[in-house]
Amino acid sequence: MVRVQVPATTANLGPGLDCLGMALHLHNIVEMSVISAGLQIEIQGEGSPDLPRHEENLVYKAANTVFKQVGYEFPGLKIKLQNNIPLAKGLGSSSAAIVGGMIAANIISGNQLEQKEIINLASGMEGHPDNVAAAVLGGIVVAVQADGEIKCHRINPPKKLKVALSIPDFPLFTRVSREVLPQQVPINDVVFNLGRVALLISALYSGDISQLQIAMEDRIHQPNRTNLVPGMKKVFAAARLAGAKGISLSGSGPSIIAYSDSDLELVSRVMRDTFRQNGIIAKSLILDISPAGARAFAI
Ligand code: HSE
C-alpha cells in the first residue's frame with residue numbers, strides 16, 4: 001500500500017494569475033493499493049458525504065491517467081482518502097486530489113514517471129499549473145507553460161512567513177470564478193501587474209517582505225471577482241489595518257489569505273468579523289507555509 005500526503009495550496013498570490021502558487025501546512029492523505037477486483041473508495045473528512053465513490057472520483061481519474069500513460073494494468077483498486085482541505089474554497093483541493101492520485105499510481109506502477117511529468121499531466125488535468133506545481137514541489141512556485149510543458153522554479157518561503165485564512169461557508173467553483181475574468185486587459189493594468197509580480201518574487205526570494213502589501217496588489221483578476229465574494233474589499237481593508245503585510249484572494253476564491261511574519265491572531269479575528277458584518281460566516285485558520293510538497297510513504 002502507498003500513502004501520499006499532499007499540501008493545500010494558494011494560487012496567484014495577488015498579481016500572479018495562473019503562474020504563482022504556495023503550499024500550506026494543511027494536508028490531504030491518499031492511500032492506494034491494488035486489490036483482486038473492483039474499485040473500493042473510502043472517504044473521510046471534507047466532502048465525504050458528496051464526493052463520488054465510483055469511476056468519476058477525481059483521485060481515481062488521476063490515478064487512471066497515470067496507469068494508462070505507463071501501460072499498467074491492475075485487477076482492482078482500493079483508495080482511502082482523508083480529506084482535510086476544504087472543497088471549492090480556493091485552497092487547491094482538486095489539485096491535491098489529482099497530485100495525490102497521480103503520485104500514488106506512479107509508485108504502484110513502478111515509478112516510471114519523473115516529477116516533471118507528473119506536474120505536466122496534473123496541470124493538463126487541472127487546467128492551470130499554479131496549484132499543482134506548488135502541491136508537488138512545496139514552498140513557493142513560479143510555473144509557466146512553454147513548449148507544451150510546465151517549467152517551474154521553486155523558492156524557499158521566508159522563514160517566519162505565516163498566513164491567516166478566512167474561509168467563507170459558501171463554495172465558489174473555479175469554473176464560475178473564471179467566467180468573470182476579462183478577455184482583454186488594458187496595457188496599464190498589465191504593466192501594473194508585471195511590476196508587482198517582479199517585486200513580489202524578489203521580496204519572497206530575499207525574505208524582505210516590507211513591501212509585500214504593494215507587491216500583492218492586482219488589477220487583472222481580483223477586481224472582477226469582488227462581486228463573487230461579499231465583503232471582499234472590506235475584508236482586505238480591515239486585514240491591512242489590523243497589520244497584515246500582504247493580502248490576496250486565495251486562488252479563485254472565496255477564501256481570503258493574509259500574510260505576515262508576526263502575530264496573525266488579530267488579523268484573523270478582524271477578517272472573520274468583517275465577513276460576518278457582510279452576512280458571511282467564515283472559518284479562520286492560521287497556517288505555516290509548507291516547505292515540502294507531496295510526500296509518499298510505502299506502508
Ligand atoms: N489560477 C487559478 C484562478 C487558480 O485564479 O482561476 C484557481 O485556484
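As the structure lists them, so they are numbered: ligands from 1, and atoms in each ligand from 1.
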request  = Please determine, by modelled atom types, if Glu126 and Ser94 share a side-chain donor-acceptor pair under 3.5 angstrom.
outcome  = yes
message = Quiz question: by atom type and distance under 3.5 Å, do the side chains of Asn84 and Gln82 form a donor-acceptor pair?
response = yes
query = Does Val59 offer a backbone N or O that forms a donor-acceptor pair with the side chain of Asn57 under 3.5 Å?
reply = yes
Among all protein heavy atoms in this structure, tell me which lies nearest to [atom], with the distance rounded to 0.1 Å.
{"atom": "atom 6 (O) of ligand 1", "value": "Arg178 NH1, 2.6 Å"}
{"atom": "atom 8 (O) of ligand 1", "value": "Asn131 OD1, 3.2 Å"}
{"atom": "atom 1 (N) of ligand 1", "value": "Asp18 OD1, 2.5 Å"}

inquiry  = So for ligand 1, is Asn12 a polar contact partner (N or O within less than 3.5 Å, distance only)?
reply    = yes
inquiry  = Pairs of nitrogen or oxygen atoms closer than 3.5 Å, one from His221 and one from ligand 1: do any exist?
reply    = no
List every atom of ligand 1 that sits less than 4.0 Å from any heavy atom of [X], numbering the atoms from 1 in the order shown and giving each element.
{"X": "Asp130", "result": "1 (N), 2 (C), 4 (C)"}
{"X": "Leu17", "result": "5 (O)"}
{"X": "Arg225", "result": "3 (C), 5 (O), 6 (O)"}

ask   = In Å, rounded to the nearest 0.5 Å, how long is the span from CD1 of Ile103 to CD1 of Ile108?
value =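 One finds 12.5 Å between CD1 of Ile103 and CD1 of Ile108.
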task = For the pair Lys61 and Glu56, evaluate salt bridge (Lys or Arg N to Asp or Glu O under 4.0 Å) and give the outcome as yes or no after the intermediate values.
result = CA-CA 7 Å; Lys61 281 166 89 170; Glu56 283 307 302; 3.2 Å; yes
ask   = Is the closest heavy atom of Lys89 to ligand 1 under 4.0 Å?
value =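 The answer is no: ligand 1 sits nowhere under 4.0 Å from a heavy atom of Lys89.
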For Val270, the rest of its hydrophobic cluster, which grows through side-chain links under 4.5 angstrom = Leu266
query = Hey, what else clusters with Ile187 if you join Ile, Leu, Val, Met, Phe, Trp, Tyr whenever side-chain heavy atoms sit under 4.5 Å?
reply = Val191
